[in-house]
Amino acid sequence: MKKSFLFGMAVGLGLVLSACGDDDNSSSPGGFDVSSSSVEFTENESSAVVADELSSSFDVSSSSETTKTTYTLKPFKGPLPNPHKGFTLLTEGAWNFVPDFRYGPDKNGAWNLITYGSGYQRWDELNPAKGVYDWSVLEDLLNVLQKQGLGYALRVFPYSPSYIANNETPSSEYDWTPEWVYKEGAQKDYAIFQDNGARAQVPRWDDPIYLKAAKDFATALAAKYDGDPRLEYIDVRTFGEWGEWHVSHLDGSDMPPLKVQKELLDHYASVFKKTLLALPSDGYGEIYTYALSLGITKRDDGFIGIPGTADSLVRAYKAGLPTIAENIGSYERMLTFDNKSYMRWTPERWVHEITTAHLTYYVLEQESDCGFQIYNEHKELADSLTHVIGYNFMVQQAELLTVTGDMETVNTLNITVKNTGIAPCFFDIYMVAEFVNSEGEVLEQLGKTIKVAKGTFKDEMVKELTFASSVPARQTNVAALPGVSVALSIYESEEAFKSGKNPTVRFDNDGLQANNKLLLKP
């Protein structure tokens, strides 16, 4: 008489698929879609359903033999950059990658920490005439970064007072609102730049012509780039100095009313359906709350220096959105702070602020040499933080059970995976188990692909996953062949796996191969 193999295993050995975590992460993903080529975890189906659905998949006779292989697991040593998280460096042009650039990848070890770059573009250069858009410079940069295996975080500035030298400075040097917007009738104000007392032109931020031009640009930007995999996120940089939603250095300029700010965010949220948007530094209070309600996260450029910055970012984390931070100043400048108005940079404060804010993204630089200096002085700490920022998947236990019966042999791999990072994984992932030979060549897939939906694999959460497949009695069980082992992989899409591409996400375990797969070792 046949017995249900997985039901017996679930009852006798407790091998069910489940997820557990702390009280805030208590939802138990489960629920297999056995009709498809993959298995998908959701947050509202119990693990008992998983066992029931799988219990009918395999049957072995009651007179069966079981062999067990337990794998040795150790943490990965060294930096572990992974996509859609972590540190970034300034990458403002192809010149960042030329061999003689002092802080380029060949000379700066901080490049080993990153998977995306960041920088700004000028609005007037991207939108030189009404209804005319020139993406060529941005496209060149995105393509260069893509060849380097890097994404890009985009900021488009309408204004940059850094270039105001004196009263004679041409407005085109610092006012990057397109000139055609003024020719259309947009009004401007004149303000005093506090840094040097210079009189400077400033857009009137609530002018209806200015606002229409800004919204039209957002629409065009979304039509071109929403969902583009080369972009990590886009800052909504429409108002204020550097587009940071403040005019703190410009006496005589005022931010637009809250109603206008909300209308602008509404428009961005309506045209960007896929790419993550971020509210910049000084968008606090009610506008911050409103942004979160639209699914727009928070970025803060006051990190490390301004007390309370990390605590403020926690609001976005609790809203289920990735948090973004940038140092308040250059590394050298932060070392001079006196802990009164601004807090001094220390290794201890660095770690504290990162973990408090549950950071997913961290812009490491204000100047091109910041990452270089930090990495030279704090290499081991910086390397270790790549395992902390954002998600971080570590296999804690792995065991292969082979049950041989009269009719078939069933191979079942049970693994326990923990997100040891400080934030959820904010994109869908697809976990795959495969039998490989001693050369690392794939012999066959073990079980089905398991999809874990974005946002459901939260920090500190543990998932117990099972990959199982059967082999008819008369066929060779590749798991029993000499030199055969198991490789685990994490893909960003099932299509990438099916097309034979290498996985892009790496486990935090010793045994990572050059193709990013984790080879399990007994």
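These values consider heavy atoms only, across backbone and side chains, with no hydrogens, waters or symmetry-generated copies.
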Does a donor on one side chain sit under 3.5 Å from an acceptor on the other, for [X] and [Y]?
| X | Y | answer |
| --- | --- | --- |
| Thr289 | Arg315 | yes |
| Asn143 | Arg230 | yes |
| Gln194 | His249 | no |
| Glu492 | Thr504 | yes |
| Asp508 | Asn392 | yes |
| Ser162 | Trp242 | yes |
| Asp175 | Gln201 | yes |
| Tyr362 | Trp350 | yes |
| Trp245 | Thr238 | no |
| Tyr103 | Asn96 | no |
| Tyr375 | Asp383 | yes |
| His84 | Thr360 | no |

Point to revise | side-chain contact (heavy atoms from CB on, under 4.5 Å) assessment of Lys463 paired with Lys418 | key: CA-CA 6 Å; Lys463 290 185 181 291; Lys418 183 176 182 180; over 6 Å; no
Exercise for review: Kindly write out the residues that satisfy salt bridge (Lys or Arg N to Asp or Glu O under 4.0 Å) with Asp216, not counting sequence neighbours, or none if the list is empty.
Suggested key: Lys212
**Study point:** Results of salt bridge (Lys or Arg N to Asp or Glu O under 4.0 Å) for Glu92 - residues two or more places apart only
**Key:** none
Check your understanding: Do Tyr391 and Phe457 make the cut of ring centroids closer than 6.0 angstrom?
Key -> no
Review point. Taking atom NZ of Lys454 as the centre, does the number of heavy atoms from other residues, nucleotides or ligands within less than 6.0 Å exceed 12?
Key: no
Check your understanding: Between Glu326, Glu244, Glu232, which is the residue that forms a salt bridge (Lys or Arg N to Asp or Glu O under 4.0 Å) with Arg299?
Key -> Glu326
If you draw the axis of the six-membered ring of [Y], does the NZ or CZ of [X] fall within 45° of it and under 6.0 Å from the ring centre?
| X | Y | answer |
| --- | --- | --- |
| Lys188 | Tyr182 | yes |
| Arg204 | Tyr210 | no |
| Lys85 | Tyr361 | no |

Exercise for review: Quick one: sort the Phe217 and Trp123 rings into parallel, tilted or perpendicular, breaks at 30° and 60°.
Suggested key: tilted
Check your understanding: Can you check whether Tyr163 reaches Pro161 side chain to side chain, under 4.5 Å on heavy atoms?
Key -> no
Exercise for review: Check each of Lys259, His267, Gln261 against Glu263 using the side-chain hydrogen bond (donor to acceptor under 3.5 Å, both in side chains) test, and report the only one that passes.
Suggested key: Lys259
Check your understanding: Of Phe372, Tyr116, Phe97, which meets ring pair (Phe, Tyr, Trp, His ring centres under 6.0 Å) against Trp111?
Key -> Phe97
Review point. Among Phe337, Tyr331, Phe303, which one satisfies ring pair (Phe, Tyr, Trp, His ring centres under 6.0 Å) with Trp345?
Key: Tyr331
Review point. Hey, what do you get for CE (Met343) to OG1 (Thr309), rounding to the nearest 0.5 Å?
Key: 11.0 Å
**Study point:** Where Gly117 and Thr91 come nearest, the two heavy atoms and their spacing
**Key:** CA-OG1, 3.1 Å
Practice item. Measure across Leu89 and Asn108 and return the closest heavy-atom pair with its distance rounded to 0.1 Å. Key: CD1-ND2, 4.2 Å
Exercise for review: Starting from the C-alpha separation in whole Å, work towards a yes-or-no answer on side-chain contact (heavy atoms from CB on, under 4.5 Å) for Trp176 and Glu125.
Suggested key: CA-CA 8 Å; Trp176 295 343; Glu125 293 180 351; over 6 Å; no
**Study point:** From Val156, Val132, Val137, Asp134, residue fulfilling side chain to side chain contact (heavy atoms under 4.5 Å, CB included) relative to Leu126
**Key:** Val156
